[in-house]
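Right, one structure below, let's go through it.
As the structure is a prediction and not an experimental result, all values here were calculated from the model.
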Amino acid sequence: MEEILFTKMHGLGNDYIYINCLASTPRQIEQLAVEMSRPHTGIGSDGIIIICPSMIADFRMRIFNADGSEARMCGNGARCVGKYVHDYCLTDKTTISLETLGGIKTISLHTGADGRVSSATVDMGSPEFRCTAIPALHTEETMIDSPLETSIGLLRLTAVSMGNPHGVVFVNSPADVPLDQIGPELESHPIWPERANIEFVSVDSPTHLTMRVWERGSGETMACGTGACACVAAAIATHRVDPDKEITVTLPGGDLKIRRDPSGTILMTGPAETSFEGRYLRKSRS
């Protein structure tokens with residue numbers, strides 16, 4: 001048996017299995033993500049995140065979804081990585097740099113009375129609306145509130161990247177959206193060469209949004225940090241919220257605080273929590 005030490009963590013219920021890979025990485029990591037993420041025969045999670053050494057930042061994060069596909073960026077995961085490396089004494093810094101496939105992110109750690117990280121603020125970078133950079137296939141340079149025919153009727157979709165591709169749809173009530181039906185359809189729509197995360201969001205006030213998310217490779221999740229940032233970026237671009245105020249984004253797992261820095265970057269603040277630690281015994285394979 002191969003023994004793998006892990007820590008289960010979550011940000012607003014967006015849960016991943018975290019593995020310290022600073023010394024070595026388990027074999028067949030994509031298949032391991034599938035095995036460990038299964039709710040009945042594994043541990044149950046939205047995927048696994050491995051923490052690796054980096055030549056250009058303090059640490060490197062790799063994210064593998066529950067289906068084994070590798071994601072470019074995860075805001076909730078980045079906050080939990082910050083908590084992991086601090087609470088396990090892998091760094092004494094309260095501001096760290098994290099290498100991801102979506103670029104290097106800066107994470108500011110906020111500790112509680114026990115000295116452990118309770119929340120974190122991640123500089124998520126600037127939103128990208130150019131279709132060629134997202135990537136998204138569209139006849140125009142950007143895809144903002146553009147009509148799209150779907151199985152549930154005509155939707156207006158905004159394409160934006162926060163280090164990974166997102167499709168944001170503004171609706172009156174996210175709770176009424178048949179997400180199990182339209183989520184997979186939009187995730188794999190031909191406009192997305194690399195699939196996409198899909199958000200349905202309502203504007204409750206100039207400083208408050210409510211959303212549900214269908215994440216590529218994982219399905220509906222309780223929270224998505226990059227998705228919340230994408231929704232705020234899309235709401236600003238379509239003049240639906242106050243661009244100079246902090247925006248509260250309510251997800252099924254709780255609230256994130258999102259604000260646009262004067263430089264144009266998006267700052268996300270939210271909790272990071274440890275659920276439990278364990279040993280996963282993996283059967284050896286030839």
Does [X] belong to the same Ile/Leu/Val/Met/Phe/Trp/Tyr cluster as [Y], with side-chain heavy atoms less than 4.5 Å apart forming each link?
{"X": "L209", "Y": "L179", "answer": "no"}
{"X": "V85", "Y": "I49", "answer": "yes"}
{"X": "I198", "Y": "V177", "answer": "yes"}
{"X": "M162", "Y": "I191", "answer": "no"}
{"X": "I17", "Y": "Y88", "answer": "no"}

Given 3.5 Å as the limit, does a donor-acceptor pair link the side chain of [X] with the main chain of [Y], or not?
{"X": "R259", "Y": "K245", "value": "no"}
{"X": "T265", "Y": "D261", "value": "no"}
{"X": "R72", "Y": "L101", "value": "yes"}
{"X": "N14", "Y": "M222", "value": "no"}

What is the minimum heavy-atom distance between [X] and [Y], and which atoms define it?
{"X": "H10", "Y": "G13", "result": "ND1-N, 3.0 Å"}
{"X": "A136", "Y": "A159", "result": "CB-CB, 4.3 Å"}
{"X": "P184", "Y": "W214", "result": "CG-CZ2, 3.3 Å"}
{"X": "M61", "Y": "T100", "result": "CE-CG2, 3.7 Å"}
{"X": "V213", "Y": "A223", "result": "CG1-C, 4.3 Å"}
{"X": "P147", "Y": "R156", "result": "CD-NH1, 3.4 Å"}

- Query: Does R240 make a cation-pi contact with F170 (under 6.0 Å, within 45 degrees of the axis)?
  - Reply: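 Checked: cation-pi criterion met.
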
Have [X] and [Y] got a donor and an acceptor in their side chains that come within less than 3.5 Å?
{"X": "K257", "Y": "T248", "answer": "yes"}
{"X": "T207", "Y": "D242", "answer": "no"}
{"X": "S161", "Y": "H166", "answer": "no"}
{"X": "H86", "Y": "T91", "answer": "no"}
{"X": "H110", "Y": "T121", "answer": "yes"}
{"X": "S97", "Y": "T106", "answer": "no"}
{"X": "Q181", "Y": "S151", "answer": "yes"}

Straight-line distance of [X] [atom1] to [Y] [atom2], nearest 0.5 Å:
{"X": "T226", "Y": "E215", "atom1": "OG1", "atom2": "CD", "answer": "6.5 Å"}
{"X": "I48", "Y": "I63", "atom1": "CD1", "atom2": "CD1", "answer": "11.0 Å"}
{"X": "M268", "Y": "I107", "atom1": "CE", "atom2": "CD1", "answer": "8.0 Å"}
{"X": "E141", "Y": "T132", "atom1": "CD", "atom2": "OG1", "answer": "7.0 Å"}

Contact check, side chains of [X] and [Y], non-hydrogen atoms, under 4.5 Å:
{"X": "T7", "Y": "C80", "result": "no"}
{"X": "Y84", "Y": "L90", "result": "yes"}
{"X": "K105", "Y": "D123", "result": "no"}
{"X": "I19", "Y": "L5", "result": "no"}
{"X": "K8", "Y": "M36", "result": "no"}
{"X": "S173", "Y": "V171", "result": "no"}
{"X": "V241", "Y": "R260", "result": "no"}
{"X": "P26", "Y": "C21", "result": "yes"}

- Query: Would D46 and T221 count as a side chain to side chain donor-acceptor pair (under 3.5 Å) if you check the C-alpha gap in whole Å, the side-chain angles of each, and the deciding distance to 0.1 Å?
  - Reply: CA-CA 7 Å; D46 293 325; T221 60; 5.0 Å; no

- Take R216 and E187 through the salt bridge (Lys or Arg N to Asp or Glu O under 4.0 Å) test and state the conclusion after the steps. CA-CA 6 Å; R216 60 175 179 175; E187 173 194 356; over 6 Å; no

- Item | Criterion salt bridge (Lys or Arg N to Asp or Glu O under 4.0 Å) on E199 and R212, from CA distance to verdict | CA-CA 6 Å; E199 290 81 27; R212 291 173 68 194; over 6 Å; no

- Query: Using 4.0 Å as the upper bound for N to carboxylate O, is an ion pair formed by R38 and D67?
  - Reply: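 No, D67 and R38 are not salt-bridged.
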
